[in-house]
Amino acid sequence: MTALIRLEQLCKTFHKGSQTIQVLKDLDLEIHAGETVSITGRSGVGKSTLLQVMGTLDRPDSGHVYYDDEDVFAYKERALAVFRNRSIGFVFQFHHLLPDFTAVENVALPARIAKADIPKAEARALELLHLVGLSERIRHLPGELSGGEQQRVAIARALMMEPKVLLADELTGNLDAATSEGIHELLLDLNGKLGATLVVVTHNQDLASRMKRRLVLVEGRIVAKAEGDA
């Protein structure tokens with residue numbers, strides 16, 4: 001089976017003063033369509049960097065990132081931006097919602113960027129807000145929503161363009177335990193309903209344990225992995 005995402009020999013180095021820090025070292029990884037995958041590891045090991053390179057937000061120093069056997073970093077910048085907007089959904093610890101946009105306007109934003117038909121985009125955004133349990137909050141501004149509700153809006157926005165993969169980086173890091181549990185259940189429910197591939201970087205071992213594949217990043221490489229329960 002062809003991998004949806006294939007990372008080959010990824011290397012990424014940062015310079016801090018006179019110090020050189022290599023956070024990714026000839027890293028190889030394959031992720032297949034529909035999988036749920038967690039990436040854990042100690043703070044500062046490079047988990048977020050790996051997710052950003054996987055999501056084409058940052059370029060590796062060397063190596064390749066393939067989606068459906070297409071080397072995406074071979075694209076020109078404009079084509080890469082279009083690919084990213086249409087094929088990859090992102091959810092971060094901080095939701096990055098636009099404060100003056102309502103929930104439905106925030107969700108529809110990727111479609112507006114893609115110059116999609118506005119009525120169709122809003123209809124899709126309404127469907128997604130219903131899917132994440134926010135049908136009664138569609139016209140609320142982010143400041144009128146709880147932290148968990150804001151993160152649900154961010155998840156809906158990430159799904160707006162029907163992406164092939166959803167990448168999440170510590171998405172419940174600022175939420176209390178009960179709210180985090182609700183977000184975890186939502187992600188798995190969406191994976192089941194929509195079939196979106198899910199990759200999460202997390203320190204939350206409960207969330208990591210719910211993924212079918214659990215990967216550990218140590219010294220720039222995937223050196224340990226455990227298969228989740230069926």
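What you are looking at is a predicted structure, and each value in this text was computed from that prediction instead of being measured. Side chains included, hydrogens not; waters and symmetry mates left out as well; all remaining heavy atoms used.
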**Q** Measure the acute angle between the ring planes of His96 and Phe92, then classify it against the limits of 30° and 60° as parallel, tilted or perpendicular.
**A** perpendicular
**Q** Given Met54, which partner from the list Val201, Leu7, Thr49 fulfils the side chain to side chain contact (heavy atoms under 4.5 Å, CB included) test?
**A** Leu7
**Q** Please name the pair of heavy atoms, one in Leu51 and one in Asp169, separated by the smallest distance, quoted to 0.1 Å.
**A** CD2-CB, 3.7 Å
**Q** Any carboxylate oxygen within less than 4.0 angstrom of a Lys/Arg side-chain nitrogen, looking at Arg221 and Asp28?
**A** no
**Q** Salt bridge check, Lys120 against Glu122: does any charged N sit closer than 4.0 Å to a carboxylate O?
**A** no
**Q** With a 4.0 Å cut-off on N to O distance, would you call Arg137 and Glu149 a salt bridge?
**A** yes
**Q** How close do Ala111 and Ala121 get, heavy atom to heavy atom, and via which atoms?
**A** CB-CB, 3.6 Å
**Q** State, yes or no, whether a side-chain contact exists between Leu166 and Leu190 at a heavy-atom distance under 4.5 Å.
**A** no
**Q** Please step through side chain to side chain donor-acceptor pair (under 3.5 Å) for the pair Arg214 and Ser38, ending with a clear verdict.
**A** CA-CA 5 Å; Arg214 302 192 298 272; Ser38 67; 5.6 Å; no
**Q** Does a side-chain N-to-carboxylate-O contact under 4.0 Å join Asp58 and Lys12?
**A** yes
**Q** Quick one: which of Leu198, Ile88, Thr197, Val91 gives a side chain to side chain contact (heavy atoms under 4.5 Å, CB included) with Leu167?
**A** Ile88
**Q** Looking at Arg112, I'd like to know if its CZ atom is crowded, meaning that more than 12 non-hydrogen atoms belonging to other residues, nucleotides or ligands lie closer than 6.0 Å.
**A** no
**Q** Once you round to the nearest 0.5 Å, how far does CZ of Arg152 lie from CG of Leu128?
**A** 13.5 Å
**Q** Do Thr13 and Ile21 have side chains that get closer than 4.5 Å, going by heavy atoms?
**A** no
**Q** Tell me whether Asp68 contacts the main-chain N or O of Glu70 through its side chain, where contact means a donor paired with an acceptor under 3.5 Å.
**A** no
**Q** Will you find, in the side chains of Arg84 and Thr56, an N or O donor that is under 3.5 Å from an N or O acceptor?
**A** yes
**Q** Would you say the side-chain atoms of His64 and Gln9 include a donor-acceptor pair closer than 3.5 Å?
**A** no
**Q** Give a yes or no answer on whether the side chain of Asn106 reaches the backbone of Leu97 with a donor-acceptor pair at less than 3.5 Å.
**A** no
**Q** Answer with yes or no whether the hydrophobic clustering places Met161 together with Phe101; edges join I, L, V, M, F, W, Y residues whose side-chain heavy atoms lie under 4.5 Å apart.
**A** no
**Q** List the steps, then state whether salt bridge (Lys or Arg N to Asp or Glu O under 4.0 Å) holds for Arg210 with Glu181.
**A** CA-CA 11 Å; Arg210 296 184 183 205; Glu181 172 67 18; 2.7 Å; yes
**Q** Has the side chain of Asp71 got a donor or acceptor atom that lies under 3.5 Å from a matching backbone atom of Tyr66?
**A** no
**Q** Is a donor from one side chain sitting under 3.5 angstrom from an acceptor on the other, for Asn191 and Thr36?
**A** no
**Q** Can you find a pair of side-chain heavy atoms, one from Leu145 and one from Val153, that are under 4.5 Å apart?
**A** yes
**Q** Test of understanding: clusters of I, L, V, M, F, W, Y form through side-chain heavy atoms closer than 4.5 Å, transitively. Do Phe73 and Leu29 belong to the same one?
**A** yes
**Q** The test is salt bridge (Lys or Arg N to Asp or Glu O under 4.0 Å); show your working for Arg213 and Glu35 and say whether it passes.
**A** CA-CA 8 Å; Arg213 288 178 68 200; Glu35 280 197 289; 3.1 Å; yes
**Q** Taking Glu105 first and then Arg157, would you say they form a salt bridge - that is, a charged N and a carboxylate O separated by under 4.0 Å?
**A** no
**Q** Specify the closest pair of heavy atoms between Ala33 and Leu4, including all atoms of both residues, with the distance to one decimal.
**A** N-CB, 3.8 Å
**Q** Is the shortest side-chain heavy-atom distance between Leu57 and Phe90 below 4.5 Å?
**A** yes
**Q** Are Val200 and Leu186 connected in the hydrophobic side-chain network, where two residues link if heavy atoms are under 4.5 Å apart?
**A** yes
**Q** Which heavy atom of Gly63 sits nearest to which heavy atom of Leu10, and what is that distance?
**A** C-CD2, 4.0 Å
**Q** Using modelled atom types and a 3.5 Å cut-off, is there a donor and acceptor pairing between side-chain atoms of Gln150 and backbone atoms of Pro142?
**A** yes
**Q** Is there side-chain contact between Glu162 and Arg124, with heavy atoms separated by less than 4.5 Å?
**A** yes
**Q** Check this for me: Glu144, atom CD, are more than 12 non-hydrogen atoms of other residues, nucleotides or ligands nearer than 6.0 Å?
**A** yes
**Q** For the NE2 atom on His203, are there more than 12 heavy atoms of other groups (residues, nucleotides or ligands in this structure) within a distance under 6.0 Å?
**A** yes
**Q** Would you say the side-chain atoms of Asn85 pair up with the backbone N or O of Ala81, donor to acceptor, closer than 3.5 Å?
**A** no
**Q** Which atom names give the shortest non-hydrogen contact between Ala103 and Leu129, and what distance separates them?
**A** C-CD1, 4.0 Å
